[in-house]
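Worksheet for the structure shown next.
Keep in mind the model is a prediction, meaning the values are calculated, not measured. Chain letters run A, B, ... following the sequence lines, proteins first and then strands; every chain starts at 1. Hydrogens, waters and symmetry mates are skipped; everything else that's a heavy atom, side chains included, is used.
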Protein chains: 2
Amino acid sequence: MSSPHLQTYEQRAKKHGNPAARKLLETMERKKTNLSVSVDVTKKKDFLAIIDVVGPFVCLIKTHIDIIEDFDQTVIEHLQELSVKHDFLIFEDRKFADIGNTVALQYSSGVYKISSWAHLTNAHAVPGPSIITGLSSIGLPLGRGLILLSEMSSKGALTTGSYTEDAVRMARSRRDFVVGFIAQKRMDGIGAIEADDVTEEDFLVLAPGVGLDSKGDAMGQQYRTPREVVLESGCDVIIVGRGIYGKSDQLDVENVRKQAERYRQEGWSAYLERVSLSP
Amino acid sequence: MSSPHLQTYEQRAKKHGNPAARKLLETMERKKTNLSVSVDVTKKKDFLAIIDVVGPFVCLIKTHIDIIEDFDQTVIEHLQELSVKHDFLIFEDRKFADIGNTVALQYSSGVYKISSWAHLTNAHAVPGPSIITGLSSIGLPLGRGLILLSEMSSKGALTTGSYTEDAVRMARSRRDFVVGFIAQKRMDGIGAIEADDVTEEDFLVLAPGVGLDSKGDAMGQQYRTPREVVLESGCDVIIVGRGIYGKSDQLDVENVRKQAERYRQEGWSAYLERVSLSP
């Protein structure tokens with residue numbers, strides 16, 4: 001069997017054991033999009049307005065729920081309604097990074113109750129396997145999936161060499177719950193030892209730092225194009241933020257829609273070209 | 001000049017350039033305590049009740065504000081009142097772990113507005129220097145301090161070798177804002193190159209995973225005694241959680257007070273023994 005990224009999203013959906021990953025792959029195929037929009041705004045009105053505009057073009061909405069100043073429970077209710085209306089999944093980019101007992105509480109409890117509405121969330125590998133144990137104790141019964149950060153795209157990130165290998169090994173040993181990586185390239189077989197059967201592993205690779213019009217920002221974030229990340233590096237989902245909805249407080253609906261469709265097309269044509277390479 | 005941990009907290013307070021670190025060291029000396037209690041409960045009533053009982057015995061209260069289910073702004077108001085009443089600082093154990101722009105928003109904005117009330121917070125080094133740039137843009141003007149995680153005490157943590165060295169290097173280049181480490185031992189001079197002047201550096205070392213009666217929990221957390229971490233390993237602040245307030249929903253005030261005083265004494269006598277070794 002060829003490497004996962006040379007198979008279609010549909011083929012991969014049929015074989016995936018995790019319900020959240022399966023649903024994401026099915027959505028990507030159905031809507032012909034591998035675009036995720038990262039909605040990093042601080043007002044609930046802007047947050048929901050952007051999602052309503054980009055919704056038709058995305059498979060996944062990435063949130064930082066903890067930056068919304070005027071957050072209340074209606075934000076979650078509206079987000080879930082939009083998820084149904086536009087047929088996308090929700091990914092809370094929480095970057096959990098604590099020990100098992102603590103992340104279990106942060107995931108399930110508090111004001112946000114992330115596990116109750118986010119199909120996917122993510123975590124750093126740095127605390128060791130207990131972080132997966134803690135999060136899976138909450139998320140697995142709910143059919144959720146976890147993304148590990150095996151790489152970061154910021155300058156001077158410490159996710160290199162043995163760090164990345166250890167992160168992938170942690171994921172491999174919990175494939176029931178860990179469904180992919182935040183990374184800039186495929187992680188297939190990384191850190192595997194001879195005893196590991198890696199032929200059946202299919203980790204989704206979600207790539208942040210995607211942009212068509214800019215090379216970086218003042219705080220060390222670096223950008224690559226959809227074609228680079230999907231075709232050349234084999235990533236599955238492109239994550240785009242300000243490149244789509246800009247910096248203005250005034251939402252330019254027509255332009256946001258145009259940008260979302262532009263990124264969707266770029267990402268999807270790179271994917272089509274990629275799977276056409278399959279033997 | 002002898003290593004920072006062989007000097008008294010008072011001596012170190014006089015020389016420290018960061019206002020939050022200086023205030024913490026002064027408080028430790030004045031109250032004769034290097035104890036921090038980690039208050040990991042999910043109800044605001046329990047949260048505030050525990051802090052009111054342990055307050056007299058601690059220099060620092062460590063919070064996970066995002067696990068409190070019934071959080072509202074009165075929690076912060078009461079926490080700040082208790083901070084004044086009992087003379088302690090507040091350390092939000094947020095473990096920031098994202099790129100600069102995102103952590104700046106998570107620190108300053110959202111429901112919690114952490115920068116407005118937490119004297120100290122912490123961050124992982126994994127995203128690279130941009131995380132310090134982002135957090136310091138908010139925290140420095142407010143006189144806050146940042147703790148970096150250069151080690152974790154959970155099993156299989158990836159904070160080893162070059163990771164720890166890189167974390168300490170990142171801290172060293174931003175000593176105006178990074179005032180210490182979450183670690184299990186001193187970090188003095190780690191990762192330094194010849195050109196670095198490390199004689200004046202004084203990083204506070206805050207050690208989690210401290211317990212007198214247990215060796216670990218089911219999710220991979222491991223415990224050491226106050227004497228081990230303060231005297232043998234040269235740490236400055238001991239962080240104790242359930243070892244002080246137990247697991248019960250019913251707060252046993254007398255016992256909690258007894259345990260807090262027991263840990264305060266253990267930590268302080270280890271410190272006195274340590275500084276008596278000074279040449």
Side-chain angles (χ1 to χ4, degrees), chain A residues 38 40-42 64-72 93-106 108-113 123-131 133-134 137 149 152-163 166-167 170 208-209 217-221 241-242, chain B residues 38 40-42 64-72 93-106 108-113 123-131 133-134 137 149 152-163 166-167 170 208-209 217-221 241-242:
Chain A
S38 172
D40 298 340
V41 294
T42 58
H64 282 300
I65 203 72
D66 60 347
I67 67 170
I68 300 177
E69 284 167 15
D70 49 357
F71 174 89
D72 57 42
D93 185 7
R94 173 57 175 77
K95 293 188 175 65
F96 288 106
D98 214 313
I99 60 174
N101 275 326
T102 302
V103 294
L105 288 171
Q106 290 172 323
S108 62
S109 188
V111 168
Y112 299 123
K113 296 176 180 55
H124 281 289
V126 59
S130 81
I131 192 165
T133 312
S137 72
L149 287 107
M152 291 189 83
S153 56
S154 45
K155 277 186 198 164
L158 306 188
T159 49
T160 55
S162 66
Y163 185 103
D166 287 339
M170 282 172 55
D217 73 16
M219 290 216 195
Q221 175 72 321
R242 298 278 170 192
Chain B
S38 170
D40 297 340
V41 295
T42 58
H64 281 300
I65 203 72
D66 60 348
I67 68 171
I68 300 177
E69 286 168 12
D70 49 357
F71 174 88
D72 57 42
D93 185 6
R94 172 59 177 74
K95 293 186 174 69
F96 287 106
D98 214 314
I99 58 174
N101 275 326
T102 302
V103 295
L105 287 171
Q106 291 172 324
S108 62
S109 187
V111 169
Y112 299 125
K113 296 177 179 55
H124 282 287
V126 60
S130 81
I131 192 165
T133 312
S137 72
L149 287 106
M152 290 190 83
S153 56
S154 45
K155 278 185 197 165
L158 306 189
T159 48
T160 55
S162 65
Y163 185 103
D166 287 339
M170 281 170 56
D217 73 16
M219 291 215 194
Q221 175 71 322
R242 299 277 169 191

Is the shortest heavy-atom distance from the side chain of B/Leu158 to the side chain of B/Tyr163 under 4.5 Å?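 Not in contact.
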Classify the ring geometry of B/His124 against A/His124: parallel below 30°, tilted from 30° to 60°, perpendicular beyond 60°.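 Tilted: the ring planes of B/His124 and A/His124 meet at 30° to 60°.
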Among A/Val103, A/Thr102, A/Asp98, find the residue that satisfies the side chain to side chain contact (heavy atoms under 4.5 Å, CB included) test when tested with B/Lys95.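 Of the listed residues A/Val103, A/Thr102, A/Asp98, the side chain to side chain contact (heavy atoms under 4.5 Å, CB included) partner of B/Lys95 is A/Asp98.
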Which one wins on heavy-atom pair count under 4.5 Å against chain A: B/Ser109, B/Gly110, B/Gly128, B/Ser108?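 Sorted descending by pairs with chain A, the first entry is B/Gly110.
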Contacting region of B/Ile68 [heavy-atom separation from chain A under 4.5 Å]: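 When you check distances to chain A, only backbone atoms of B/Ile68 fall under 4.5 Å.
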Using a cut-off of under 4.5 Å for heavy-atom pairs, which of A/Leu149, A/Thr159, A/Ile67 has the most such pairs with chain B?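 Looking at each of A/Leu149, A/Thr159, A/Ile67 in turn, A/Ile67 comes out on top.
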To the nearest 0.5 Å, how far apart are CG in A/Asp40 and CG in B/Leu105?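 Reported to 0.5 Å precision, the distance equals 7.5 Å.
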